[in-house]
Participant: 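One structure is given below, represented as structure tokens, and several questions about it will come after.
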Amino acid sequence: MNNHVDSKKTWELVEENKDDIDVMKQCCMAELRTMEDTGLVPTPYYFERVAILSKKDKNYAQEVYYCGQYVEKIEAYYSKYGIDRVADIRKGPRYKAIVKRLEKARELLAKHKSK
């Protein structure tokens with residue numbers, strides 16, 4: 001599997017690196033590689049952390065990008081495989097939170113650009 005960052009599995013990095021946006025972004029990319037290689041749905045946690053940290057930094061474009069990537073990849077996954085193989089992560093609270101964040105981040109980005 002490719003869900004490694006610096007030879008550690010993504011989940012091993014959570015506790016001590018949850019506030020390190022660079023590590024969380026690397027975890028997002030590792031989760032997407034794993035999805036491509038294995039067909040496993042990426043864990044939403046890392047995308048949500050990047051979104052939270054991006055918003056703190058008022059980096060709305062980055063927040064939109066990572067939330068959008070997650071939603072896009074998940075929708076593509078279920079379009080390709082359906083829900084017969086796995087539970088539908090779109091019904092979970094983290095996925096729904098990312099969708100809401102995406103909408104709000106787009107609004108903030110538009111407002112910020114118009115200034």
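Keep in mind that what you see is a predicted model, and the values were worked out from it rather than measured.
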Participant: Sub-3.5 Å donor-acceptor pair from the side chain of Y77 to the main-chain atoms of G39, do we have one?
Facilitator: yes
Participant: Working to the nearest 0.5 Å, report the span between NZ of K73 and CD of E31.
Facilitator: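 Here the rounded value is 13.5 Å.
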Participant: Are the side chain of Y78 and the backbone of I89 linked by a donor-acceptor contact shorter than 3.5 Å?
Facilitator: yes
Participant: Tell me whether V14 is reachable from I98 by hopping between hydrophobic residues (I, L, V, M, F, W, Y) whose side-chain heavy atoms are closer than 4.5 Å.
Facilitator: yes
Participant: Take Y66 and S54 through the side-chain contact (heavy atoms from CB on, under 4.5 Å) test and state the conclusion after the steps.
Facilitator: CA-CA 9 Å; Y66 278 86; S54 297; 5.5 Å; no
Participant: Are Y45 and V50 connected in the hydrophobic side-chain network, where two residues link if heavy atoms are under 4.5 Å apart?
Facilitator: yes
Participant: Pick from K55, R94, K96: which one makes a salt bridge (charged side-chain N to carboxylate O under 4.0 Å, His left out) with E48?
Facilitator: R94
Participant: Can you tell me how far SG of C27 sits from NE2 of H4, rounded to the nearest 0.5 angstrom?
Facilitator: 11.0 Å
Participant: Measure up the H112 and Y60 rings against each other and bin them: parallel (under 30°), tilted (30 to 60°), perpendicular (over 60°).
Facilitator: perpendicular
Participant: Can you name the closest pair of heavy atoms from A61 and L109 and give their distance?
Facilitator: N-CD1, 3.8 Å
Participant: Applying a strict under-4.5 Å side-chain criterion to I, L, V, M, F, W and Y, I'd like to know whether V41 and V71 cluster together.
Facilitator: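 Same cluster.
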Participant: Can you give me the closest heavy-atom contact between L13 and M24, atom names plus distance?
Facilitator: O-CE, 4.3 Å
Participant: I need the I21 CD1 to N59 CG distance, nearest 0.5 Å.
Facilitator: 7.0 Å
Participant: To the nearest 0.5 Å, what is the distance between CG on D19 and NZ on K56?
Facilitator: 5.5 Å
Participant: Taking the side chain from Y46 and the backbone from W11, do they hold a donor-acceptor pair closer than 3.5 Å?
Facilitator: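 Present.
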Participant: Do you know the tightest heavy-atom contact between L32 and P42?
Facilitator: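 Taking every non-hydrogen atom into account, CD2-CG, 4.1 Å.
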Participant: Between V23 and K18, is the side-chain contact (heavy atoms from CB on, under 4.5 Å) condition met? List the steps.
Facilitator: CA-CA 8 Å; V23 172; K18 71 179 184 175; over 6 Å; no
Participant: For the CG atom on D6, are there more than 12 heavy atoms of other groups (residues, nucleotides or ligands in this structure) within a distance under 6.0 Å?
Facilitator: no
Participant: Could you name each residue pair satisfying side chain to side chain donor-acceptor pair (under 3.5 Å) that touches residues 99-110, not counting sequence neighbours?
Facilitator: E63-R101
Participant: Can you give me the closest heavy-atom contact between L102 and V64, atom names plus distance?
Facilitator: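 Heavy atoms only, the tightest pair is CD1-O, 3.5 Å.
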Participant: Hey, what do you get for OG1 (T43) to CE (M35), rounding to the nearest 0.5 Å?
Facilitator: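 With rounding to 0.5 Å, OG1 (T43) is 11.5 Å from CE (M35).
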Participant: For D88, which residues count as a side-chain hydrogen bond (donor to acceptor under 3.5 Å, both in side chains) partner, sequence neighbours excluded?
Facilitator: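 Residues passing side-chain hydrogen bond (donor to acceptor under 3.5 Å, both in side chains) with D88: R90.
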Participant: Can you tell me how far apart CD (E72) and SG (C67) are? Round to the nearest 0.5 Å.
Facilitator: 12.5 Å
Participant: If you look at every heavy atom in K9 and E12, which pair is closest and at what distance?
Facilitator: N-OE1, 2.7 Å
